[in-house]
Undergrad: 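Here's a structure for you.
Atoms considered below: every heavy atom in the structure, side chains included; atoms not considered: hydrogens, waters and symmetry mates. None of the values given here were measured: they were computed from a predicted structure.
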Amino acid sequence: MRLRTAGTPAISASVWKDVVELSKVITTMTSGALTKPQMRGLLAKRLRFHIVGAFVVSLGVATLYKFGVAEPRKKAYADFYRNYDSMKDFEEMRKAGIFQSAK
C-alpha cells in the first residue's frame, strides 16, 4: 500500500511507519533529556559567585603587594636611614658647590 499526499512522492507504509516511530523517539528523548533553563535568580546567583571570587582575588593581590613590594621598601628605607648622617651629606654637597647660599 502506498500513501500519497498532494505534491509529495509516494512513500511505502513501512517507511512511513519508521518515520513516525523515529519522530516519537526523538520527541521523547529531547523532552526528557533537556532541563528547563534557570530564569529566576540567575543574576543574583552569578553575582554571588563572582563577588566571592573577586574578593578572594583582591585579598591575594593585596597580600602579594604587601609582602612583595611594601615590606621590602620599608626594609630598604630602614637600612638607609639607620646609618645616614645628614650633616655629612650636607658637607659633601656644600664642598661640591651645589648650594649657592652656603659656602
Undergrad: Quick one: side chains of residues 67-76, donor-acceptor pairs under 3.5 Å with protein atoms, not counting sequence neighbours, listed by atom name and distance.
TA:
unit_1, atom_1, unit_2, atom_2, d
E71, OE2, K66, NZ, 2.9
E71, OE2, K74, NZ, 3.4
K75, NZ, D79, OD2, 3.1

Undergrad: Output the distance between atom NZ (K17) and atom CG (L22), rounded to the nearest 0.5 Å.
TA: 14.0 Å
Undergrad: Under 4.0 Å between a side-chain nitrogen and a carboxylate oxygen: does that hold for R94 and E91?
TA: yes
Undergrad: Under the ring pair (Phe, Tyr, Trp, His ring centres under 6.0 Å) rule, what pairs show up with a residue in residues 68-87, not counting sequence neighbours?
TA: F80-Y84, Y81-Y84
Undergrad: Please tabulate, for the side chains in residues 42-49, all donor-acceptor contacts under 3.5 angstrom to protein atoms that are two or more places apart in sequence or on a different chain.
TA:
none

